[in-house]
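As a basis for the values below, the full set of heavy atoms in this structure was taken, side chains included, without hydrogen atoms, waters or symmetry mates.
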Amino acid sequence: MADLNVPPRRPRDDRGWDGYQHPHPDGYRDPHAAPYAGAQPAAGPQWVGPNGFAPAAPAPAGYPQPGGYAQAGGYPQAGGYAQPAGGYGPPPGGGLPDLDDDGDEAPKRGRRRALATLGGAVVVAGGAALAMSPQVRGLFGDAPAGDATGTVTTDGSAARPSGQQPSTVRTYTEQNESYMGSRAGEALKRNAPSGGQLYGSPAEAAAATKVTVKTVLAKDPIRHLLSRTTFGPTSEMMAEVKRVGIDDWLREQLQPEKITPTRAELKLAELQSLKLSPTQLRDQREQLKEKRVDPARETVDATIARQIWSDRQLFEVMVDFWNDFLHVAADFDGGENYRNAFDRDVIRKHALGSYPEMLVAANKHPALLLYLNQVDSRRNAVNENLARENLELYSVGVDGGYTEKDVRQAALLQTGRGVADGKYKFFAERHYLGKVQILGFSHANNSDDPVAADKVIDSYIRYIATHPSTARYVAQNLATRFVSDTPPKSVVDRLAKAYTTNKGQIRPVLATLFSSSEFWAAVGQKVRRPMEYLVATYRALGVSPDAAPGFSGDQRRTPFAQGLRQIQDKMRELGQYPMGKPTPDGYADVYLAWTSAGTMIDGWNEAGDLIAGRRKQFTFVKPEKLVAKPPSTAGAYVDALAQRLVQQKLSAKEKSLVLAVAGVAESAKVDATFNGAIAAVARTILASPQHHLR
């Protein structure tokens with residue numbers, strides 16, 4: 001009889017999410033704000049053809065549709081880039097961004113071809129050199145632009161992940177699996193390491209594991225460790241791990257509270273909204289507007305700063321992981337008041353702690369309650385959004401064994417939770433009373449005491465957070481993040497067991513992961529997503545958070561705050577930024593979700609701007625100073641510069657392509673400026689597979 005209180009079930013192809021239904025006084029919502037509506041954008045940037053951003057021929061079934069980048073957070077595309085207010089944007093006009101700033105068309109095309117040959121050979125066989133994809137070839141007229149990976153699924157059906165279109169699946173895992181059902185997905189699967197074992201420590205596992213996969217990356221365990229556990233290895237971190245050892249470095253990273261804040265982290269005090277409570281943000285709304293302070297965007301700015309400059313790198317990687325897994329968009333109606341508190345009190349507080357406690361805290365936080373409409377749910381008008389996502393996205397997963405009845409029973413149980421005066425509040429008069437049964441959890445749920453009723457919901461949340469299906473779901477996604485797009489079953493099983501044994505504590509799960517041979521065998525099996533590529537580029541170039549001499553800015557915000565906003569605007573153009581996806585499924589974490597020639601080129605252009613020091617809000621190392629003592633011959637200089645930027649030498653083929661960009665022979669004498677070509681050479685190295693892979 002309890003089900004009679006639940007509205008009729010929506011069709012499955014409705015993505016199971018109502019969106020933002022109407023303003024609610026509990027959340028200080030702007031009654032004029034437009035709710036999110038319509039079909040959801042694809043997981044990553046959409047295909048940009050050789051003619052620019054105008055619509056082209058329809059993309060093959062199962063791949064992002066044409067018409068420009070998929071933009072979240074109100075950045076519409078109309079045949080070209082949208083220029084964010086007050087932020088950085090590419091030059092106006094149609095067509096792909098320029099890869100070169102000088103030279104006539106023929107040399108420009110040759111340089112573009114060299115760059116694309118490097119960048120287009122990034123993956124599909126773990127970074128092994130391959131022919132350029134049709135997407136990239138299409139930029140030069142060599143072949144028509146089209147799908148780089150093929151569209152034939154190799155298994156599954158229309159009802160299961162690898163048989164679905166990525167644009168229609170709705171969960172984090174389904175997104176990943178849908179892309180891996182393609183022909184290129186099969187190629188990745190064939191090159192992934194299989195099987196493995198657990199060792200006594202990460203250092204022991206690293207020493208005992210032989211890397212057999214095809215990859216252009218150096219089979220250096222320290223470089224591999226830093227590629228996966230940071231947002232990009234640097235020379236300083238490489239030296240630190242070599243000095244203290246793998247085990248001690250990981251032990252320190254797993255205790256981030258003991259790591260001294262960097263200068264950039266201290267400069268986060270310049271972001272005016274960061275330490276304000278939701279109530280203060282509400283009360284100071286007009287003053288913040290006058291100062292052009294957007295609290296939700298400052299939360300994103302702060303995250304970007306920490307990704308680039310924090311020494312707590314593993315912690316920041318895990319924050320990013322949970323921001324995709326337990327996803328609340330920054331740009332939702334209410335995010336300006338609550339998203340920063342959610343970041344601080346839910347994600348960051350528990351990122352290396354207990355996932356059950358994180359999920360309990362999330363379910364009592366105004367951000368999630370507003371984002372998924374729990375504030376609208378009452379015993380006589382039940383909204384099932386949060387109850388569904390708790391099962392499907394945040395715990396057991398779509399294949400975790402729950403039924404539609406479980407969703408409805410959970411929705412009834414969770415009634416009563418809401419927001420008042422900027423804080424969580426349990427409304428006893430809204431709460432359904434009556435027995436519930438959900439995935440083996442059962443309770444009489446008959447107490448009219450608000451404290452007791454609220455504790456029943458907490459007990460249910462902890463139950464699903466420690467469910468065996470949740471253990472496997474978390475393990476699968478952690479393995480996809482840290483091991484490969486197609487992680488071996490052996491490591492997933494091992495991580496799931498560690499999760500269950502330790503009752504959802506994350507540090508022991510990570511310790512198991514880093515002590516597993518599958519982790520160390522998977523060199524070159526992950527590709528940086530657009531946001532990760534950009535952050536890694538800032539790290540590789542040693543950009544400083546201090547402004548260049550003479551920079552003044554707009555007087556309302558500090559140069560540091562302005563610079564972070566420009567980085568965020570660029571990430572929005574690339575289609576990925578922290579907390580950026582508008583829907584609650586988070587960004588896909590497999591390479592095939594992000595194949596886009598336009599994104600690749602735009603990333604290279606940004607690398608060119610950074611090498612040239614065009615972001616005056618920060619201080620840059622001049623390209624001729626990247627190598628302290630440059631060798632006098634071109635070949636040796638390329639080796640030294642590659643070691644500085646990507647922590648290894650390039651292959652002979654890639655090295656010849658870099659030299660071709662400079663137009664010199666390997667034995668040619670060069671000065672510190674590479675005879676005037678140092679910026680182009682550095683930029684080409686940052687377009688190589690060694691910089692795209694992680």
Novice: Write down the atom of Leu271, the atom of Ala561, and the distance for their closest heavy-atom approach.
Specialist: CD2-CB, 3.7 Å

Novice: State which residues pass side-chain contact (heavy atoms from CB on, under 4.5 Å) with Ser235; sequence neighbours excluded, sorted by chain then number.
Specialist: Arg644, Gln647

Novice: Do Asp220 and Gln648 make a side-chain contact, defined as non-hydrogen atoms from C-beta onward lying under 4.5 Å apart?
Specialist: no

Novice: So, does Ser310 use its side chain to make a donor-acceptor pair with the main chain of Gln313 at under 3.5 Å?
Specialist: no

Novice: Would you check if there is a donor-acceptor pair between the side chains of Gln690 and Glu654 at a distance under 3.5 Å?
Specialist: yes

Novice: Would you please indicate yes or no on a ring centroid separation below 6.0 angstrom for Tyr394 and Phe325?
Specialist: no

Novice: Tell me every residue that passes ring pair (Phe, Tyr, Trp, His ring centres under 6.0 Å) with Trp249, counting only those two or more places apart in sequence or in another chain.
Specialist: none

Novice: Please confirm whether the backbone N or O of Val646 pairs with a side-chain atom of Arg223, one donor and one acceptor, at under 3.5 Å?
Specialist: yes

Novice: Hey, is the main chain of Thr684 close enough, under 3.5 Å, to the side chain of Ser688 for a donor-acceptor pair?
Specialist: no

Novice: How long is the span from the CG atom in Leu693 to the CG atom in Leu217, to the nearest 0.5 Å?
Specialist: 5.0 Å

Novice: Please test Thr230 against Met237 for side chain to side chain contact (heavy atoms under 4.5 Å, CB included), starting from the C-alpha separation and ending with a verdict.
Specialist: CA-CA 10 Å; Thr230 76; Met237 276 199 159; 3.9 Å; yes

Novice: Determine whether Ile506 and His350 make a side-chain contact, defined as any pair of heavy atoms from C-beta on separated by less than 4.5 Å.
Specialist: no

Novice: Is there a side-chain contact between Asp609 and Asn605 (heavy atoms, below 4.5 Å)?
Specialist: no

Novice: Sequence neighbours excluded, which residues qualify as ring pair (Phe, Tyr, Trp, His ring centres under 6.0 Å) partners of His691?
Specialist: Tyr533

Novice: Indicate yes or no for a side-chain donor-acceptor contact from Arg228 to the backbone of Phe482 under 3.5 Å, with no hydrogens or angles considered.
Specialist: yes

Novice: Could you walk me through whether Asp331 and Lys581 pass the salt bridge (charged side-chain N to carboxylate O under 4.0 Å, His left out) check?
Specialist: CA-CA 9 Å; Asp331 293 328; Lys581 196 167 185 198; over 6 Å; no

Novice: Show your reasoning for whether salt bridge (charged side-chain N to carboxylate O under 4.0 Å, His left out) applies to Glu265 and Arg306.
Specialist: CA-CA 7 Å; Glu265 288 175 293; Arg306 290 167 173 138; 5.0 Å; no

Novice: Does a side-chain heavy-atom distance below 4.5 Å link Met600 with Pro530?
Specialist: no

Novice: Taking C-beta and beyond as the side chain, do Leu641 and Ile678 meet within less than 4.5 Å on heavy atoms?
Specialist: yes

Novice: With no hydrogens and no angle check, is any side-chain donor or acceptor of Arg539 less than 3.5 Å from a backbone partner on Gly232?
Specialist: yes

Novice: For a quick test of reading the model, state the closest non-hydrogen atom pair linking Leu288 to Pro295 and the distance between them.
Specialist: CD1-CG, 4.2 Å

Novice: Has Tyr371 got a side-chain atom pairing as donor or acceptor with Pro366's backbone, closer than 3.5 angstrom?
Specialist: no

Novice: Would you call Arg481 and Asp320 a salt bridge, using N to O less than 4.0 angstrom?
Specialist: yes

Novice: Just to verify, what does Arg348 make a salt bridge (charged side-chain N to carboxylate O under 4.0 Å, His left out) with, not counting sequence neighbours?
Specialist: Glu316, Asp343

Novice: Would you name the heavy atoms of Val523 and Ala218 that are closest together and state the gap between them?
Specialist: CG1-O, 3.8 Å

Novice: CZ of Arg565 to CD of Glu298: how many Å apart, nearest 0.5 Å?
Specialist: 6.0 Å

Novice: Got a list of side-chain donor-acceptor pairs under 3.5 Å for residues 617-626, not counting sequence neighbours?
Specialist:
| residue | atom | partner | partner atom | Å |
| --- | --- | --- | --- | --- |
| Thr619 | OG1 | Asp546 | O | 2.7 |
| Thr619 | OG1 | Ala547 | O | 3.2 |

Novice: Can you confirm whether more than 12 heavy atoms, excluding those of Arg344, are under 6.0 Å from its CZ atom?
Specialist: yes

Novice: Please answer whether the main-chain N or O of Thr480 pairs with a side-chain N or O of Ser484 as donor and acceptor at a distance below 3.5 Å.
Specialist: no

Novice: Salt-bridge test for Arg694 and Asp589: reply yes if a basic N is under 4.0 Å from a carboxylate O, no otherwise.
Specialist: yes

Novice: Which residues satisfy the salt bridge (charged side-chain N to carboxylate O under 4.0 Å, His left out) test with Arg339, sequence neighbours excluded?
Specialist: none

Novice: Could you walk me through whether Gln576 and Thr599 pass side chain to side chain contact (heavy atoms under 4.5 Å, CB included), step by step?
Specialist: CA-CA 10 Å; Gln576 187 196 16; Thr599 301; over 6 Å; no

Novice: Quick one: pull up CZ in Arg683 and CG in Leu645 and give me the separation to the nearest 0.5 Å.
Specialist: 14.0 Å

Novice: Within a strict 4.5 Å, meaning less than it, do heavy atoms of the Val346 and Met358 side chains meet?
Specialist: yes

Novice: Under the salt bridge (charged side-chain N to carboxylate O under 4.0 Å, His left out) test, which residues partner Glu270, sequence neighbours left out?
Specialist: Lys267

Novice: Name all residues meeting the ring pair (Phe, Tyr, Trp, His ring centres under 6.0 Å) criterion together with Tyr538; count only those two or more places apart in sequence or in a different chain, and write none if there are none.
Specialist: none

Novice: Would you say that Asp324 contacts Asp585 through its side chain, given a criterion of any heavy-atom pair below 4.5 Å between the two side chains?
Specialist: no

Novice: Given the rule in the side chain to side chain contact (heavy atoms under 4.5 Å, CB included) test, do Val319 and Asn323 qualify, once you have shown the distances and angles that lead to the verdict?
Specialist: CA-CA 6 Å; Val319 166; Asn323 271 328; 3.6 Å; yes

Novice: For Ile259, enumerate each residue passing the side-chain contact (heavy atoms from CB on, under 4.5 Å) test, keeping only those at least two apart in sequence or located in another chain.
Specialist: Glu252, Gln253, Asp311, Arg312

Novice: Supply the atom-to-atom distance His692 NE2 to Lys526 NZ, rounded to the nearest 0.5 angstrom.
Specialist: 15.5 Å

Novice: In Å and rounded to the nearest 0.5 Å, what is the CD to CZ distance from Glu336 to Arg297?
Specialist: 13.5 Å

Novice: Checking Glu532 side chain against Arg529 main chain: does a donor-acceptor pair fall under 3.5 Å?
Specialist: yes

Novice: Under 4.0 Å between a Lys/Arg side-chain N and an Asp/Glu carboxylate O for Arg615 and Glu606?
Specialist: yes

Novice: Distance from Gln566 atom CD to Arg614 atom CZ, nearest 0.5 Å?
Specialist: 13.0 Å

Novice: Applying side-chain contact (heavy atoms from CB on, under 4.5 Å), name anything that partners Glu286, two or more places apart in sequence or on another chain.
Specialist: Lys289

Novice: Is Leu393 close to His327 at the side-chain level, that is, under 4.5 Å between some pair of heavy atoms?
Specialist: no

Novice: Mark yes or no for whether Trp322, through its side chain, and Leu352, through its backbone, hold a donor-acceptor pair below 3.5 Å.
Specialist: no

Novice: Listed by chain and number, what are the ring pair (Phe, Tyr, Trp, His ring centres under 6.0 Å) partners of Phe342, not counting sequence neighbours?
Specialist: His365

Novice: When you measure from the side chain of Asn340 to the backbone of Ala296, do you find a donor-acceptor pair of N or O atoms at a distance under 3.5 Å?
Specialist: no

Novice: Which residues pass the side-chain contact (heavy atoms from CB on, under 4.5 Å) test with Ala264, not counting sequence neighbours?
Specialist: Thr262, Trp309, Pro545, Phe560

Novice: What do the steps show when you test Leu541 against Leu686 for side chain to side chain contact (heavy atoms under 4.5 Å, CB included), and what is the final call?
Specialist: CA-CA 10 Å; Leu541 291 171; Leu686 293 175; 4.1 Å; yes

